[in-house]
Visitor: 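A single structure is presented below for examination.
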There are 2 protein chains.
Amino acid sequence: MKKSDRTRQDILDATASSLATAGYTATTVKSIAETIGMQDASIYYHFSSKDELVGEVLDIGTARAVTAVDQALAELQDDHDPREALRVAIIAHAEAVLGGGDYPRANVRTFGQLPPDLTHRHRQGHRNYGQIWTRLIDDGVESGALRGDLNRSVARLIIIGALCWAIEWFDAGEEVSAADVGEHVFQMVVNGLSIGEHESPAVSV
Amino acid sequence: MKKSDRTRQDILDATASSLATAGYTATTVKSIAETIGMQDASIYYHFSSKDELVGEVLDIGTARAVTAVDQALAELQDDHDPREALRVAIIAHAEAVLGGGDYPRANVRTFGQLPPDLTHRHRQGHRNYGQIWTRLIDDGVESGALRGDLNRSVARLIIIGALCWAIEWFDAGEEVSAADVGEHVFQMVVNGLSIGEHESPAVSV
DNA sequence: TGACTTTTCTAGTGTGTACTAGATTTAATC
DNA sequence: GATTAAATCTAGTACACACTAGAAAAGTCA
């Protein structure tokens, strides 16, 4: 029983790593098997199909991202500014997806590449994750800390999008850290790039 | 000669459409041929390989996006605010990629899914496009309109990323238009979501 | 019409993919 | 050490893919 669990974990790790760096199509059962020194057929002793294996990796990735953000929010003081909550969540997401392990990275990297079945399987997970952000923005607007003239759903998707797309260009070897990217996103979407008084013309959508 | 050109155009259009909606892997030579009522082998009379065909579609997409942004900037008055230039460029990009034709959409949609050869082939095009944005941000910082305490390269990539990721969730049928998305991105990254005076703590990277 | 060119089709090849069946080896248990 | 169970391997199948060769059809122009 022990052996099986360890091998199973090795397969998951190798799959997560491959998904995160090579994407869904380039992640073949054979390449996964080679990474851990097995024959491709042996994978099927542990997982019934490629997509079940990939699905499990993505489940773990989602769970880790949610945990990272939840945990960061839980450490806030009770009387925190809603902007601070947004900042903490953004940085936690950035660190989980950019600086963290392969699992959350696999999630973002393969977004838009998955076959319909897998996409559908994870729709609910993504919705749940989105709700964390919806609440953060709602809190900010209702407390008067954030502007209410923008479409909150669009705002939420723009923030998440800026963070998710970073996986396409972020290089862990460079001098900019994952937390730095998060800080930049926060500074931009909350405080804005502009200096001094700007009119903030109302936008109706 | 006429017939050939028209068929060639049909193939390009069908490929762009498929890339934009289904991605690179799901875009097969056979599916392209079926779309225009041909046999898959006939495609090879017009293009020597799938990747040459895809490459040409992506070239067109890049060119159209560049043209859209350049044209929008050219229509600005000489004494425009650097923030206004950024706004115009952001909205032009949003309209080109979200509301425009299949070609620019194919570009963004397949980003990160392409085989290495194609990725390399378009590296220079992406760099050129990025320089448009680098100049916009530099102008803003140097004129004193935009903050200089953020990493400009990171800021540029965050703006482009927020726009590019929108292709994953934007629905042309909904009440939010492509230009609306652009306006939201501008409002957020330039003016910020925050209301009132914020300290704008310096970030050194 | 007839000769010629251009375009498309039919019928395949080879390769890589996920996946299966059954033999074989490795590990655990009595 | 013998028996059983767990884990892996060998050797395949079936299918989808990009792509090719050569025949057939469609179009062009004297």
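Lettering of chains follows the sequences in order, A, B, ..., and the numbering in each one begins at 1.
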Visitor: Got a sec? Which of residues 48-57 of chain B come in under 4.0 Å of DNA chain D, heavy atoms?
Guide: B:Ser49, B:Lys50

Visitor: Reckon B:Ser31 touches a base, only the sugar-phosphate, or nothing at all at heavy-atom distances under 4.0 Å?
Guide: nothing

Visitor: Could you tell me the separation between the CD atom of B:Glu34 and the P atom of D:dA16, rounded to a whole number of Å?
Guide: 12 Å

Visitor: Could you check how far OH of A:Tyr44 sits from C1' of D:dC9, rounded to whole Å?
Guide: 15 Å

Visitor: Quick one: does B:Lys50's side chain have a donor or acceptor within less than 3.5 Å of a partner on B:Thr27's backbone?
Guide: yes

Visitor: Looking only at heavy atoms, which two atoms of B:Arg109 and B:Ala20 are closest? And how far apart?
Guide: CG-O, 3.4 Å

Visitor: What I want to find out is whether A:Arg135 reaches A:Asp138 closely enough, with some N-O distance under 4.0 Å, to be called a salt bridge.
Guide: no

Visitor: Out of the candidates A:Thr7, A:Asp5, A:Asp13, only one should pair with A:Gln9 under the side-chain hydrogen bond (donor to acceptor under 3.5 Å, both in side chains) rule; please name it.
Guide: A:Asp13

Visitor: Without decimals, in angstroms, what is the distance between B:Phe47 CZ and D:dT20 C1'?
Guide: 18 Å

Visitor: Answer yes when B:Asp59 and B:Arg121 have at least one side-chain N-carboxylate O distance shorter than 4.0 Å, and no when they do not.
Guide: yes

Visitor: I'd like to check B:Val181 versus B:Leu98 (side-chain heavy atoms, cut-off strictly below 4.5 Å). Are they in contact?
Guide: yes

Visitor: Using a 3.5 Å distance criterion without hydrogens, assess whether the side chain of A:Ser143 forms a donor-acceptor pair with backbone atoms of A:Asp139.
Guide: yes

Visitor: Looking only at atom types and distance, does a side-chain atom of B:Asn107 sit under 3.5 Å from a main-chain N or O of B:Leu58, one as donor and one as acceptor?
Guide: yes

Visitor: Over how many whole Å does the gap from A:Tyr24 atom OH to C:dT17 atom P extend?
Guide: 13 Å

Visitor: Mind calculating the distance between CG (A:Asp5) and P (D:dT8) to the nearest angstrom?
Guide: 11 Å

Visitor: Pairs under 3.5 angstrom, nitrogen or oxygen only, protein versus nucleotides 8-13 of chain C, please.
Guide:
{"residue": "C:dT8", "atom": "OP1", "partner": "B:Lys3", "partner atom": "NZ", "Å": "3.3"}
{"residue": "C:dT8", "atom": "OP1", "partner": "B:Thr7", "partner atom": "OG1", "Å": "3.3"}
{"residue": "C:dT8", "atom": "OP2", "partner": "B:His46", "partner atom": "NE2", "Å": "2.6"}
{"residue": "C:dC9", "atom": "OP2", "partner": "B:Gln39", "partner atom": "N", "Å": "3.0"}
{"residue": "C:dC9", "atom": "OP2", "partner": "B:Ser42", "partner atom": "OG", "Å": "2.8"}

Visitor: For A:Phe170, does its backbone N or O pair with a side-chain atom of A:Glu174 as donor and acceptor, under 3.5 Å?
Guide: no

Visitor: To the nearest 10°, let me know how far the axis at one end of the helix from C:dT1-D:dA30 to C:dC30-D:dG1 is tilted from the axis at the other, five pairs an end.
Guide: 10°

Visitor: Does B:His93 have its ring centroid less than 6.0 Å away from the ring centroid of B:Tyr129?
Guide: yes

Visitor: Return yes if some donor-acceptor pair links the side-chain N/O of B:Asp70 with the main-chain N/O of B:Thr67 below 3.5 Å, else return no.
Guide: no

